[in-house]
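The figures that follow rest on heavy atoms only: side chains count, while hydrogens, waters and symmetry mates do not.
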Amino acid sequence: RTQSGLYDKSTTTVEENSIDGECRRLMIQWFRQLAELCDFDHQTIAIAINILDRFVAKETQILLSYNAAQEFQLAAMASLYTSIKIHENVVLDPMTVSNLSNGQFSSLEIEKMESRILTKLDWRVNTPTATAFSEKYLQLLLPNEQTTKNTIAKKLIQCQIEQAMEDCQFLGIEASEIAFTATYNAVMITFGHCSCIKEIQQATNINSLPFQLEEMLMDHVRHSESGLVSSCSKITARPAKKQKQSSGNLS
């Protein structure tokens, strides 16, 4: 949990070259744009971000160097390059990644940074993501629920996880805890209840996020441009027209 201040502006000495949470957020947005263009999986992006954050946590001099912005961007692109190579069927070669940087980094520089990252992380680049954890929690919480509602819950969960990945306040928090809280929030919004939450929490020995962070995730869902909450209300309200006795406890 000590990583929460990793990208504070105070960690850099050269103001115009500083790396902060906003710089990290912009790189993550670029990751997502590329993933959408190439139809990459959410997991691939999540693992790339995980690789980048763990590398920077171990190699903090990147944030202090005179060319911190360039070093950080290179590390980010190398992290994404590595994650794609491991988790996607289509591999981007180093020259393609170099072209994506508009020639700012050569293919050799990208390969060298990848080797540096792998060495620093002891080749541990296949960590469980919050999305992977959430899928397991959803199976435990809703083993026999309707497919339509499960789909909505998954979208609500992904919405929260993506927000957590962008926000530096969630750095250092276990992916399992982010996933558990996001899953609980989504189930409560979609179904209005979560009866066995305590039993599962005790069995898995997982903590939910502090209230402040839990509310941040919920607030993001409420204000999401995708309108998932309103869509959820419309879809789940349909059975109520046919079955007058069914209760529509939705928030």
Trainee: On a heavy-atom basis, which atom in Glu166 and which in Arg24 lie closest, and how many Å separate them?
Mentor: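 Minimum heavy-atom contact is O-NH1, 3.2 Å.
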Trainee: Would you call Leu217 and Phe170 a side-chain contact if the rule is heavy atoms closer than 4.5 Å?
Mentor: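 Yes, side chains in contact.
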Trainee: For the pair Glu162 and Ile28, evaluate side chain to side chain contact (heavy atoms under 4.5 Å, CB included) and give the outcome as yes or no after the intermediate values.
Mentor: CA-CA 10 Å; Glu162 288 180 356; Ile28 292 173; over 6 Å; no
Trainee: Are the side chains of Thr181 and Leu213 in touch, meaning some heavy atoms are under 4.5 Å apart?
Mentor: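 Of all side-chain heavy-atom pairs linking Leu213 with Thr181, none is under 4.5 Å.
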Trainee: Pairs of donor and acceptor atoms involving the side chains of residues 118-125, under 3.5 Å and at least two apart or interchain, shall be tabulated with distances.
Mentor:
{"unit_1": "Thr119", "atom_1": "OG1", "unit_2": "Ser115", "atom_2": "O", "d": "2.8"}
{"unit_1": "Lys120", "atom_1": "NZ", "unit_2": "Glu59", "atom_2": "OE1", "d": "3.0"}

Trainee: Taking all non-hydrogen atoms of both residues into account, name the closest pair between Phe31 and Ala48 and its distance.
Mentor: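 In this case the closest contact between Phe31 and Ala48 is CE2-CB, 4.1 Å.
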Trainee: Report the C-alpha separation of Ile157 and Tyr137 in whole Å, then their side-chain angles, then the decisive distance to 0.1 Å, and conclude whether the side chain to side chain contact (heavy atoms under 4.5 Å, CB included) test is met.
Mentor: CA-CA 11 Å; Ile157 291 167; Tyr137 296 147; over 6 Å; no
Trainee: Are side-chain heavy atoms of Ile161 and Ser134 found at a separation under 4.5 Å?
Mentor: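 Yes. Closest side-chain heavy atoms under 4.5 Å.
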Trainee: How long is the straight-line distance from CD of Glu174 back to CD1 of Ile206, given to the nearest 0.5 Å?
Mentor: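 Ile206 atom CD1 to Glu174 atom CD measures 8.0 Å (nearest 0.5 Å).
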Trainee: If only side-chain N and O atoms count, and only distance matters, is there a donor-acceptor pair under 3.5 Å linking Asp93 with Thr96?
Mentor: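 Yes, Asp93 and Thr96 have a side-chain donor paired with an acceptor closer than 3.5 Å.
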Trainee: Just to verify, what does Ser79 make a side-chain contact (heavy atoms from CB on, under 4.5 Å) with, not counting sequence neighbours?
Mentor: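 Testing Ser79 for side-chain contact (heavy atoms from CB on, under 4.5 Å), a comparison that skips the adjacent residues, returns Ile51, Leu52, Ile117.
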Trainee: Find the distance between NE2 (His42) and CD (Glu36) and round it off to the nearest 0.5 Å.
Mentor: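 Answer rounded to 0.5 Å: 9.5 Å.
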Trainee: For residues Thr82 and Glu114, is any side-chain donor paired with an opposing acceptor at under 3.5 Å?
Mentor: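 The answer is yes; a qualifying pair exists.
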Trainee: Looking at every non-hydrogen atom in both residues, tell me the closest pair between Phe40 and Ile84 and how far apart they are.
Mentor: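 In terms of heavy atoms, the two residues are closest at CE1-CD1, 3.4 Å.
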Trainee: Checking the side chain of Ser98 only, and the main-chain atoms of Gly103 only, is there a donor and an acceptor separated by less than 3.5 Å?
Mentor: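 Not confirmed, Ser98 side chain does not pair with Gly103 backbone.
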Trainee: Looking at CG of Asp53 and CG of Leu171, how far apart are the two atoms once the value is rounded to the nearest 0.5 Å?
Mentor: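 Here the interatomic distance stands at 5.0 Å.
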Trainee: Are more than 12 heavy atoms from other residues, nucleotides or ligands located less than 6.0 Å from atom CZ of Phe55?
Mentor: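 Yes, the 6.0 Å shell around CZ holds more than 12 heavy atoms from other groups.
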Trainee: Could you check if a side-chain atom of Met218 sits within less than 4.5 angstrom of a side-chain atom of Ile189, using non-hydrogen atoms only?
Mentor: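 Result yes, sub-4.5 Å side-chain heavy-atom pair found.
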Trainee: Of all heavy-atom pairs between Val97 and Leu92, which one has the smallest distance, and what is that distance?
Mentor: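 Shortest heavy-atom contact: CG2-CB, 4.1 Å.
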Trainee: With rounding to the nearest 0.5 Å, note down the distance linking CG in Asn99 to CE in Met95.
Mentor: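 It is 6.5 Å, given to the nearest 0.5 Å.
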Trainee: Give the minimum heavy-atom separation between Ala182 and Gln160, together with the two atoms involved.
Mentor: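 Of all heavy-atom pairs spanning Ala182 and Gln160, the closest is O-NE2, 2.9 Å.
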Trainee: Within the 4.5 Å heavy-atom criterion, are Trp30 and Leu80 side-chain neighbours or not?
Mentor: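 Yes. Closest side-chain heavy atoms under 4.5 Å.
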Trainee: If the condition is side-chain contact (heavy atoms from CB on, under 4.5 Å), which residues does Gln43 pass it with, not counting sequence neighbours?
Mentor: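 If we apply the side-chain contact (heavy atoms from CB on, under 4.5 Å) test to Gln43, skipping adjacent residues, the hits are Asp41, Thr129, Thr131, Ala132.
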Trainee: For residues Ala179 and Ala130, report the shortest heavy-atom separation together with the two atoms involved.
Mentor: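 In terms of heavy atoms, the two residues are closest at CB-O, 3.1 Å.
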Trainee: Could you check whether any side-chain heavy atom of Lys154 comes within less than 4.5 Å of a side-chain heavy atom of Glu135, counting everything from C-beta outward?
Mentor: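 In short, these two side chains do not touch, never coming nearer than 4.5 Å.
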Trainee: When you compare the side chain of Ile47 with that of Ile86, does any pair of heavy atoms fall below 4.5 Å?
Mentor: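 Not touching, per the 4.5 Å side-chain cut-off.
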Trainee: Return the set of residues passing salt bridge (Lys or Arg N to Asp or Glu O under 4.0 Å) with Glu109 (not counting sequence neighbours), or none when no residue passes.
Mentor: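 So Glu109 forms no salt bridge (Lys or Arg N to Asp or Glu O under 4.0 Å) with any residue.
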Trainee: Should Met77 and Met113 count as side-chain neighbours, where that means a heavy-atom distance under 4.5 Å?
Mentor: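 Result no, sub-4.5 Å side-chain heavy-atom pair not found.
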Trainee: What distance do Thr190 atom OG1 and Asn185 atom CG have between them, rounded to the nearest 0.5 Å?
Mentor: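 One finds 10.0 Å between OG1 of Thr190 and CG of Asn185.
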Trainee: If only atom types and distance count, is the side chain of Thr44 paired as donor or acceptor with the main-chain N or O of Ser83 below 3.5 Å?
Mentor: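 No, Thr44 side chain to Ser83 backbone: no donor-acceptor pair under 3.5 Å.
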Trainee: Rounded to the nearest 0.5 Å, what's the gap from CD on Gln104 to CD1 on Ile110? Could you check?
Mentor: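 Answer rounded to 0.5 Å: 10.0 Å.
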Trainee: Checking Lys112 now: which residues fulfil side-chain contact (heavy atoms from CB on, under 4.5 Å) with it, not counting sequence neighbours?
Mentor: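 Scan of Lys112 (side-chain contact (heavy atoms from CB on, under 4.5 Å), adjacent residues dropped) gives Leu108.
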Trainee: Is there a continuous path of hydrophobic side-chain contacts, each under 4.5 Å between heavy atoms, that joins Leu140 to Phe133?
Mentor: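 Looking at the clustering, Phe133 is in the same group as Leu140.
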Trainee: Which residues pass the side-chain hydrogen bond (donor to acceptor under 3.5 Å, both in side chains) test with Asn50, not counting sequence neighbours?
Mentor: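 So Asn50 forms a side-chain hydrogen bond (donor to acceptor under 3.5 Å, both in side chains) with Arg54, Thr127.
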